[in-house]
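One structure below.
Below, chain A is the first sequence line, B the second, and so on; all start at residue 1.
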There are 2 protein chains.
Amino acid sequence: MPHTGKPENQPRPTPTVEDYLMTMYVMERDYGEIIAARLAEMLNVAPATVAMTFRRMERDQWLTGKGRHGVHLTETGRAAASSVIRRHMLTEWLLVKVLKVPIHKTHDEAHNIEHAISPELEERMRESLGDPQVCPHGNPFPGAEEVTRGWVPLTEVPVGEKVVVRRIHEFAENSPELLTFLVEQGILPGSQTEVIETLPFNQTLTIRLGEKQVTLGYPAARFLFVERAVSA
Amino acid sequence: MPHTGKPENQPRPTPTVEDYLMTMYVMERDYGEIIAARLAEMLNVAPATVAMTFRRMERDQWLTGKGRHGVHLTETGRAAASSVIRRHMLTEWLLVKVLKVPIHKTHDEAHNIEHAISPELEERMRESLGDPQVCPHGNPFPGAEEVTRGWVPLTEVPVGEKVVVRRIHEFAENSPELLTFLVEQGILPGSQTEVIETLPFNQTLTIRLGEKQVTLGYPAARFLFVERAVSA
DNA sequence: TCCAAAAATTAGCCTGCGCTAACCTTAAAT
DNA sequence: ATTTAAGGTTAGCGCAGGCTAATTTTTGGA
Ligand SMILES: [Mn+2]
Ligand SMILES: [Mn+2]
Ligand SMILES: [Mn+2]
Ligand SMILES: [Mn+2]
């Protein structure tokens, strides 16, 4: 099991740059491109701020290129992104397992703490927490993406099929309201459910959890990944 | 048991100011005055930087007064200092108990993490860790100073008396070398020892730990507080 | 093909928090 | 009493990382 055998001798980026890097990593992985305007929304800064930060990041070799489709992380940038994502996820597990923090509250807390974890501490955490492959929301550690093979967005599940929720996407974690809603409805990794109706013209679908029914908009449903064909 | 029933509605200071506050709190408590030059040494910044930071801190009502004996924390300042000290100490315990980090490494790690702990998390930590009254080095939580009553500096123990090490002072924690040395020699809270010789003209004293003897300079020895009269 | 909307950039501003160099002030020590 | 050392302050600088306002570039749709 390769942990990307990190040399990691480059100096660590500032917390701000670490936050840019981790968001850009996921953007590039799941959307194929990095759009500064989206980044600005997700990081809650003005577009102009992103432009300026990109300049410093290019100077410091975390990224290359400019403009619409031109921005990409360098190898060093990707390594730094992987590092902070690992620290984020390990912190989330520590909060969940040791301090019993509910999973709709771990993300924000972890976003502050992640920048303060030393490499030695990261290693101690990984050992204490049993070398997890996904975060408490089911998102894969960098390098462990294979474990999510076979998990599909809830929007692609045919009506009537029973599935198990496995993953709430990183970008859904950014919305505490959505996350709280999902947790309150009992929609979290491990939950069994079944799609009972889809209304494409309405961009909604309805699922059953036990006795309860919940209607979700497509954008939210696309953030939920489920495992199909649970039983043989 | 009063936790200083914190209203704590003031916005939290920046990490830099939090570090100033916690050091100033201990200075005022144990030395009676705040000397900017000492602060500069302990925080590893230039004296001019302290002067400028003091200005902002006065503007923001964390402190009042200027000059040699004039600087004091406000009530708000003391409350903010207490808050970050609590977070620091709880973080140290988490590192020690959950992640098995040795106590000569907890301080530096905690100094980064302490600024990233939310009030809710602080509360979860206190519960999980059993509401401790002292940090792993034996320093008291703000408000719990009474537990250190009866602990005296090692320099005040007469030759021949058996004592138990209870506390390594906050300001010794700032020196990783000293802390590592002490831990390697087995000098840590709980250790039994005996003063076997004092050489005041040499500013050293020698203690026995099991079979081993260790000679300490007075400045280091003054940072060690011990419990006398252990047995009746 | 052209145009409007979306995205990106530049200019100019601000604060926090570092630094050095120079200069005061205060407190000891001779 | 005077001098020296310790402590403190001011001035002037730099960088990170925010902002708004104005402008330019891209791009997808009519
Ligand atoms: Mn973060
Ligand atoms: Mn997560
Ligand atoms: Mn700190
Ligand atoms: Mn401590």
Side-chain angles (χ1 to χ4, degrees), chain A residues 10-24 27-28 31-73 77 80-81 84 111-112 114-116 219, chain B residues 10-24 27-28 31-73 77 80-81 84 111-112 114-116 219:
Chain A
Q10 291 84 16
R12 195 180 268 187
T14 61
T16 295
V17 170
E18 283 197 334
D19 282 342
Y20 277 67
L21 286 170
M22 63 194 295
T23 308
M24 292 169 75
M27 265 189 164
E28 205 169 28
Y31 297 84
E33 58 183 5
I34 292 165
I35 291 146
R38 294 295 80 69
L39 208 49
E41 287 165 11
M42 295 209 258
L43 298 172
N44 274 301
V45 294
T49 302
V50 173
M52 283 320 207
T53 305
F54 273 11
R55 262 203 220 168
R56 293 197 309 277
M57 289 176 76
E58 194 175 12
R59 179 200 61 188
D60 298 338
Q61 317 237 241
W62 305 115
L63 58 78
T64 51
K66 353 198 67 151
R68 190 71 178 63
H69 299 276
V71 175
H72 298 283
L73 295 184
V84 63
H111 238 304
N112 297 319
E114 66 200 9
H115 310 289
Chain B
Q10 291 85 15
R12 196 180 270 188
T14 61
T16 294
V17 170
E18 284 197 335
D19 283 341
Y20 276 68
L21 286 171
M22 62 194 294
T23 308
M24 291 169 75
M27 264 188 164
E28 207 168 26
Y31 296 84
E33 58 183 2
I34 291 165
I35 290 145
R38 295 293 80 71
L39 207 49
E41 287 164 12
M42 296 209 257
L43 298 171
N44 272 302
V45 295
T49 301
V50 173
M52 282 321 206
T53 305
F54 272 11
R55 259 202 223 169
R56 294 197 310 277
M57 289 176 75
E58 194 174 13
R59 178 200 61 190
D60 298 338
Q61 316 236 241
W62 304 117
L63 57 80
T64 51
K66 350 198 72 155
R68 190 69 180 66
H69 298 275
V71 176
H72 298 281
L73 295 184
V84 63
H111 237 305
N112 298 320
E114 64 200 10
H115 310 290

note = Among the nucleotides C:dT9, C:dA8, D:dG8, whichever has the atom closest to the side chain of B:Ala36 is D:dG8
note = Testing D:dT20, D:dT9, D:dA16 for proximity to the side chain of A:Thr14, the answer is D:dA16
query = B:Leu63 CG to D:dG8 P: how many Å, rounded?
reply = 13 Å
task = Would you mind reading off the distance between A:Leu21 atom CG and D:dG17 atom P, rounded to a whole angstrom?
result = 11 Å
ask   = Is a side-chain donor or acceptor of A:Thr49 paired with a backbone partner of A:Val45 at a separation under 3.5 angstrom?
value = no
request  = Examine C:dC17: is either OP1 or OP2 under 4.0 Å from a nitrogen or oxygen in the side chain of B:Thr53? Give yes or no.
outcome  = no
key: For atom CG of A:Leu39 and atom C1' of C:dA6, their distance in whole Å   = 16 Å
key: Which nucleotide in D:dG17, C:dG16, D:dT20 has an atom nearest any side-chain atom of B:Arg56   = C:dG16
ask   = For B:Ala46, which contact category applies under a 4.0 Å heavy-atom criterion: base, sugar-phosphate, or nothing?
value = base
ask   = Just by distance, do the side chain of B:Thr23 and the backbone of B:Asp19 share a donor-acceptor pair under 3.5 Å?
value = yes
ask   = Which sits closer to the 5' end of DNA chain C, B:Arg59 or B:Ala48, going by the nucleotide each is nearest to?
value = B:Arg59
message = Looking only at the side chain of A:Ala51 (C-beta and beyond, no hydrogens), which of the listed nucleotides C:dT9, C:dG16, C:dG18 gets closest?
response = C:dT9
key: A:Met42 CE - C:dA7 P separation (whole Å)   = 12 Å
request  = Mind calculating the distance between CH2 (A:Trp62) and C1' (D:dG17) to the nearest angstrom?
outcome  = 17 Å
Euclidean distance, atom CD of residue B:Glu33 to atom C1' of D:dA6 [Å, nearest integer] = 13 Å
ask   = Going through the checks in order, is the salt bridge (charged side-chain N to carboxylate O under 4.0 Å, His left out) test met by A:Arg55 and A:Glu58?
value = CA-CA 5 Å; A:Arg55 262 203 220 168; A:Glu58 194 175 12; over 6 Å; no
task = Assign each of B:Met52 and A:Pro47 to its nearest nucleotide of DNA chain D by heavy atoms, then name whichever residue's nucleotide is nearer the 5' end.
result = B:Met52
query = With respect to B:Met24, which candidate in B:His72, B:Arg38, B:Met57, B:Met42 satisfies the side chain to side chain contact (heavy atoms under 4.5 Å, CB included) definition?
reply = B:Met57
Value in whole Å for how far the C1' atom of D:dT27 lies from CD1 of A:Ile35 = 12 Å
key: Nucleotide nearest A:Val45 when distance is taken to its side chain, options D:dG18, C:dA8, C:dC19   = D:dG18
key: Distance below 4.0 Å between B:Thr16 side-chain N/O and C:dC17 OP1 or OP2   = yes
inquiry  = Side chain of B:Tyr20, heavy atoms from C-beta onward: which of C:dA7, D:dG8, C:dG18 has the nearest atom to it?
reply    = C:dG18
request  = Would you indicate, yes or no, if C:dT10 has its OP1 or OP2 atom less than 4.0 angstrom from a side-chain nitrogen or oxygen of A:Arg55?
outcome  = yes
task = Please indicate whether B:Glu33 has more than 12 foreign heavy atoms, meaning atoms of other residues, nucleotides or ligands, lying under 6.0 Å from its CD.
result = yes
Selected nucleotide, minimal atom distance to A:Val17 side chain, candidates D:dG7, C:dC17, D:dG17 = D:dG17
ask   = Do the side-chain N or O atoms of A:Arg38 get closer than 4.0 angstrom to the phosphate oxygens (OP1, OP2) of C:dA7?
value = yes
query = To the nearest angstrom, how far is B:Glu58 atom CD from C:dC17 atom C1'?
reply = 18 Å
inquiry  = Within the 3.5 Å criterion, strictly below it, is a donor on A:His115 or B:Asn112 matched to an acceptor on the partner's side chain?
reply    = no
